[in-house]
> 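Let me give you the structure first, and then I'll get to my questions.
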2 protein chains.
Amino acid sequence: MGSRRNFIEKLTVSAVGLPILYHSSNLFAAAEAPYEGPILKVAIMGLGSYGTRVAEAMKDCKRAKLVGVISGTPSKIKDWQSKYGIPKKNCYNYENFDAIKDNPDIDAVYIITPNGLHKDQAIRVAKAGKHVISEKPMAINAEEGQAMVDACKAAKVKLLIGYRMHFEPKTVEVIKMRKNGEFGKVKFFQGQSGFTIGNPNQWRLDKKLAGGGAMMDIGIYSINGARYMLGEDPVWVTAQETKTDPVKFKEGVDETIQFQLGFPSGAVANCLSTYNMSHLDRFFMTGSDGWVEMKPSTGYGPIKGRTHKGELDQPHITHQTLQMDGMAQLIFDGVQPIVPVDGEEGLKDMKIIDAIYKAAKTGDKITIDL
Amino acid sequence: MGSRRNFIEKLTVSAVGLPILYHSSNLFAAAEAPYEGPILKVAIMGLGSYGTRVAEAMKDCKRAKLVGVISGTPSKIKDWQSKYGIPKKNCYNYENFDAIKDNPDIDAVYIITPNGLHKDQAIRVAKAGKHVISEKPMAINAEEGQAMVDACKAAKVKLLIGYRMHFEPKTVEVIKMRKNGEFGKVKFFQGQSGFTIGNPNQWRLDKKLAGGGAMMDIGIYSINGARYMLGEDPVWVTAQETKTDPVKFKEGVDETIQFQLGFPSGAVANCLSTYNMSHLDRFFMTGSDGWVEMKPSTGYGPIKGRTHKGELDQPHITHQTLQMDGMAQLIFDGVQPIVPVDGEEGLKDMKIIDAIYKAAKTGDKITIDL
């Protein structure tokens, strides 16, 4: 990664010579001062609809740039080459992408493929000596997630998870308010994450590729949200599964799961994950001194939020733009986002998902130690 | 009950000679046309703060009138006599109120005492041949509730439960919308019912008098709400209890319980009952074609509600005024409110509460057959 080292040498930190600490207004400052630091050169693996969304968002990045693609579909590669000006030498398929290790023009690979493929792909990227960014869920269970963490550690590359909300300005503001004690003692989080899934033949409804159903795709937002909103990790979980359409939602593919999390402080979370209800996208948290409602709470469009103090007015910026710039800052400058986005963070969510599935299956309260 | 029969003879139904069917606008019509039908003459048992609220609300009733009191505190009786013009002959204490059977000027007794006293008091009222209105919860468990139902049936008097929300115009409108299919197939109900309870020495925190904690007082709104919003009775329940303050919330007095209900259609409900969080008063329901949010959903003040079609604009009328007029209509005219308020309805909630406590204690999914 010689080129990355070159970039680091050119690092100019902030316009006033102070290290840039992450906060929600950073990126406006960055928009004003010409950025002269290193650029994270990213290849996207998996050119589906979310990959396209990330590619579009990266057009506005200051610190990250889409430079390569990995895909099994030659026509998609051709399309992306012309759309994003990607040179042929940075194009790979699933057979030959290990050769990326010899490509100094790629720093990191963003894996945006079906969940069940992440583990092997991440390990191969790590072995190629490139940083791994994995879309969430990082894998289909904690065991696979652990293997990814271990592989990236052994290869001395970063493993980051696509937690775009950790960079979203209103979300960041609420987390800051909680850290500042503005809600008092936080007691309850409620997360509702769901939508009505369409095409029954998509990979997200295939147990082998998705690792599950709604929980793996949308429920994970409530899990992660419970943790970053409350600022604690849960110690127990209970869950109840409901399936009304066993044709569309086959064995091992969850349609609707309600789950509850208990935290060391005594705070509790009550969440819904579903593929069979429309537009459920709400976070609510209440404490001894205040409350917050975010609705939508994790959609791609503008997040809306109100607290006991009034409306949140941080501007909307495309989440994936913030995420990729933030990840570049993390990789090059060691600047952590307000809540971590690394492999260990992803692994916590996987352990919780494993526990939720176990709780739903057995009916037991499952204790967890993250 | 000769006097009641006299009133029935004077019954004039509606101004246009049609039977009055209950709907939310009835009471405005009633306010315009002079009401000439029978008046339900009510004695209130238990002159605490909620008793006072009911007494104040009854000042605006057209079909019901506060005419008597039952209390263990002579000074309270004196105070109420002068405040509400109650004759001495209609005043009783807890020792002598069985004599109410010889008082033709009282049709019904509204029991607004601690939950643990309802059963014996209701049975005594029934034996005195008067209709029983019991504040909710009707008792401290289903067994006691069943005894009340049986006693009232044997005495051929009505047993009604203080379900004021069943008469509240916005709530009635939402139930109508659901019945009309405007939400499509309803799938999910969420209820949050809670507040921060004050004085640790009140009867509501005394297991013997209250029968439990928050669930008996405020959580029951989410139980009842789940049923009237979804229009089904649950078949299973799971629950998780959290106690952060075992001094204030002693053994058997629940502080916070999350519970989940499953319904025959596959719809699910996810609810929170708490005495340790402020101003949690929200119902949410979503279906295949629409949704509704009510917030506040069950407070005494104006209910606010929004659906996929917009704001609900039915006017606020004091709930207890509507309830008591509605109960008079039910007793004299047999006009049922949109959702029943009788003893069997109260018994369903008691059976669900029993199951929730059992589920919370054992961690099991408890099946119920109402």
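To find a chain, count down the sequence lines: A is the first, B the second, and so on, and within it residues start at 1.
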> Does this structure show an ion pair linking Glu293(A) with Arg306(A), if we count only N-O contacts that are shorter than 4.0 Å?
yes

> Is it true that atom NZ of Lys248(B) has more than 12 heavy atoms of other residues, nucleotides or ligands lying nearer than 6.0 Å?
yes

> Considering only heavy atoms and a distance below 4.5 Å, find which of Thr238(B), Asp364(B), Thr256(B) pairs most often with chain A.
Thr238(B)

> Under 4.5 Å heavy-atom distance to chain B, tell me which part of Trp236(A) shows up: side chain, backbone, both or neither.
side chain

> Give, as side chain, backbone, both or neither, the part of Ala239(A) having an atom under 4.5 angstrom from any heavy atom of chain B.
neither

> With the threshold set at 4.0 Å, does a side-chain nitrogen-carboxylate oxygen contact exist between Lys136(B) and Asp349(B)?
no

> Measure the NZ-OG1 distance between Lys187(B) and Thr286(B) for me, rounded to the nearest 0.5 Å.
8.0 Å

> Counting heavy-atom pairs under 4.5 Å with chain B, which one of Lys365(A), Arg282(A), Lys185(A), Gln192(A) comes out on top?
Arg282(A)

> Find the one option among Asn270(A), Thr274(A), Leu280(A), Thr244(A) whose heavy-atom pairs under 4.5 Å with chain B are most numerous.
Asn270(A)

> Go through the atoms of Thr362(A) and report whether side chain, backbone, both or neither lie under 4.5 Å from a heavy atom of chain B.
neither

> With sequence neighbours left out, write down each residue that passes salt bridge (Lys or Arg N to Asp or Glu O under 4.0 Å) with Asp217(A), or none if nothing qualifies.
Arg204(A)

> Relative to chain B, which segment of Gln190(A) carries a heavy atom at a distance below 4.5 Å: side chain, backbone, both, or neither?
side chain

> Can you find a heavy atom in the side chain of Ile161(A) that is under 4.5 Å from one in the side chain of Glu345(A)?
no

